[in-house]
There are 2 protein chains.
Amino acid sequence: MLTKQQLEEFEAEAGMMYLDHISIDCVVFGFHEGQMKVLMLKSNNEEAWYLPGGFVMKQEPIEVAANRILATRTGLDKVFLKQFHVFGDPDRSKIHNEMYSEVLPAGNNFFTQRFISIGYYALVDFFNVIPTPDVFSEICTWRDLDDLPKFQLDHELIFRTALDTLRLQLSYQPIGYNLMPKEFTMPELQKLYETILGKKLDRRNFQRRILGFGILNKLEQTRKGGAHKAPYLYSFDLKKYQAALKEGLKSGW
Amino acid sequence: MLTKQQLEEFEAEAGMMYLDHISIDCVVFGFHEGQMKVLMLKSNNEEAWYLPGGFVMKQEPIEVAANRILATRTGLDKVFLKQFHVFGDPDRSKIHNEMYSEVLPAGNNFFTQRFISIGYYALVDFFNVIPTPDVFSEICTWRDLDDLPKFQLDHELIFRTALDTLRLQLSYQPIGYNLMPKEFTMPELQKLYETILGKKLDRRNFQRRILGFGILNKLEQTRKGGAHKAPYLYSFDLKKYQAALKEGLKSGW
DNA sequence: TTACAATTGTGTACCAATTACACCTTTAGG
DNA sequence: CCTAAAGGTGTAATTGGTACACAATTGTAA
């Protein structure tokens, strides 16, 4: 039987072990018409870019915190948002400390502590987003994947891990529901996949595969007005889409 | 430019947001000769079983903390240990609170706070392990997968998630290096996979698949002494094994 | 010493999924 | 009304996975 004294001793010792802060870093991938960008903020005292992030509040589930942080920076709610890794190397704090050494008092303070960071990634349509800077930033904006600035801290690793995870999960999870308009064409959806994967896919094989997932409804109408042959419109079958989200798809690209 | 005052204001506000504790929970899967068990501890003041766990210390990378916790409970070091999920539902604390309500003072204290838990799973040979209880437990022992006790807190969810993740990752990651003797036979390795997956596999297809990964060396000798035809011995090609760990294998079971 | 049971070694045929590839249709614009 | 550009669709070849059978080895029991 555990005594009250044992508990108190443990509590006293454990008090020395507290991890200082838990933050959430959120890699927000923005898509629109074949483009793919990532949301970044620029530090207001130097040329350093970082990912949207924030703290988890007491009594707030981390999932809720991630949504809150995303909503604050983008204005969006209820989008695809997925936890993918925890980053907890204490070296993070050192860099952070040096970064603010001009303004911070010496010794221990909030920013010299270590931040353990839970990585989430989100998929959004960047035309729906109003990028909003935080208190440390003067700029919050979309950056092109092939024109990325220098990252602060370990945010490059976080970004890279998010992208790898996303590409991997593309084989197991349906995506696109909140990235495409209600009705869209097959070439448009294919462009989304090609953008994420960073490579071209075969038109015919893509279509067979995607249709094989059984999450699309083919509509009667075609997209008129454009040049060339009018493509058919499709919409997501929300019920089947969500079932696939839960149970996963088969096989890979 | 960020002013010192802004920083101080932020720090004061952020102080209200600290997450209380980060813990690590470790699902230790033990294997030996076709058996699979999981390491559990029994609370010393009631019939409640839980998974090995502990806190992350200041300036300790979480990866190191996970290894330390595992080493403390098992005596093992440098085994397969993988982060798989973060559990952060604030309800965890409520249950915890009720659990210790007899010994704890009312109001806020260490144990009434929320614990965010980073889930790791480990794969070990349970014949190499000396299960060691912690201060809250009277028993630390291996439990059979098909004879599991009632779990404390959300440890059932953590266990379940670990098992699902392990089974999934079996398709992408080579395993077995620290679970098999230096030299082993194909049927022995197959038994390991069958144990993890909880189902029988075809002998011939298993062999073709495993050999196709290119991480095994077939040795000249056979395992003599047993009844029946002597099987060939194999060993892991450590270099290729580690490369496969990094780059992953293809396809699934 | 021999027959048997248990286990291992190995190869092949079938099916499903993936990849590679070609021809026809539609539409706008000159 | 001809052409260029894009979309619709089908088929053959390859690869990977599953199912399955027979021969060889070894200890044990007759």
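Numbered from 1 within each chain, the chains take letters A, B, ... in sequence-line order. This one's a predicted model, so the numbers in the text were calculated from it and none came from an experiment.
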To the nearest Å, how far apart are [X] [atom1] and [N] [atom2]?
X	N	atom1	atom2	value
Leu233(B)	dT8(C)	CG	P	12 Å
Leu201(B)	dT18(D)	CG	P	9 Å
Gln190(B)	dT10(C)	CD	C1'	14 Å
Ile210(A)	dT19(C)	CD1	P	13 Å
Arg209(B)	dG11(C)	CZ	P	20 Å
Leu211(B)	dT8(C)	CG	C1'	14 Å
Gln207(A)	dA6(D)	CD	P	17 Å
Tyr232(A)	dT9(D)	OH	C1'	11 Å

**Study point:** side chain to side chain donor-acceptor pair (under 3.5 Å) involving Asp147(B) - partner list, sequence neighbours excluded
**Key:**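 Partners of Asp147(B) by the side chain to side chain donor-acceptor pair (under 3.5 Å) criterion come out as none, since no residue qualifies.
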Practice item. With sequence neighbours excluded, tell me which residues meet ring pair (Phe, Tyr, Trp, His ring centres under 6.0 Å) with Tyr177(A). Key: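 If we apply the ring pair (Phe, Tyr, Trp, His ring centres under 6.0 Å) test to Tyr177(A), skipping adjacent residues, the hits are Tyr241(A).
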Practice item. Heavy atoms under 4.0 Å is the rule here; annotate nucleotides 20-30 of chain C 5' to 3' with B where the base is hit, S where only the sugar-phosphate is, and - elsewhere. Key: BBB--BBBS--
Exercise for review: Please list all pairs passing the side chain to side chain donor-acceptor pair (under 3.5 Å) test where one or both residues lie in residues 223-237 of chain A, with sequence neighbours left out.
Suggested key: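 Checked against side chain to side chain donor-acceptor pair (under 3.5 Å) - neighbours excluded - the pairs reaching residues 223-237 of chain A are Glu188(A)-Arg223(A).
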**Study point:** Side-chain touch Arg73(A)/Leu41(A), heavy atoms, less than 4.5 angstrom
**Key:**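 The answer is yes; the side chains approach within 4.5 Å.
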Practice item. Could you pull out all residues at least two apart from Glu220(B) that satisfy side-chain contact (heavy atoms from CB on, under 4.5 Å)? Key: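 Residues passing side-chain contact (heavy atoms from CB on, under 4.5 Å) with Glu220(B): none at all.
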Check: residues 124-134 of chain A side-chain donor-acceptor pairs under 3.5 Å, at least two apart:
{"unit_1": "Asp125(A)", "atom_1": "OD1", "unit_2": "His32(A)", "atom_2": "ND1", "d": "2.7"}
{"unit_1": "Asp125(A)", "atom_1": "OD1", "unit_2": "Phe127(A)", "atom_2": "N", "d": "2.9"}
{"unit_1": "Asp125(A)", "atom_1": "OD2", "unit_2": "His32(A)", "atom_2": "ND1", "d": "3.2"}
{"unit_1": "Thr132(A)", "atom_1": "OG1", "unit_2": "Ile130(A)", "atom_2": "O", "d": "2.9"}
{"unit_1": "Asp134(A)", "atom_1": "OD1", "unit_2": "Tyr50(A)", "atom_2": "OH", "d": "2.8"}
{"unit_1": "Asp134(A)", "atom_1": "OD1", "unit_2": "Phe136(A)", "atom_2": "N", "d": "2.9"}
{"unit_1": "Asp134(A)", "atom_1": "OD1", "unit_2": "Ser137(A)", "atom_2": "N", "d": "3.1"}
{"unit_1": "Asp134(A)", "atom_1": "OD1", "unit_2": "Ser137(A)", "atom_2": "OG", "d": "2.8"}
{"unit_1": "Asp134(A)", "atom_1": "OD2", "unit_2": "Tyr50(A)", "atom_2": "OH", "d": "3.3"}

Review point. At under 4.0 Å, does any side-chain N or O of Lys218(A) touch on OP1 or OP2 of dT9(D)?
Key: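 Looking at the OP1 and OP2 atoms of dT9(D), one of them is under 4.0 Å from a side-chain N or O of Lys218(A).
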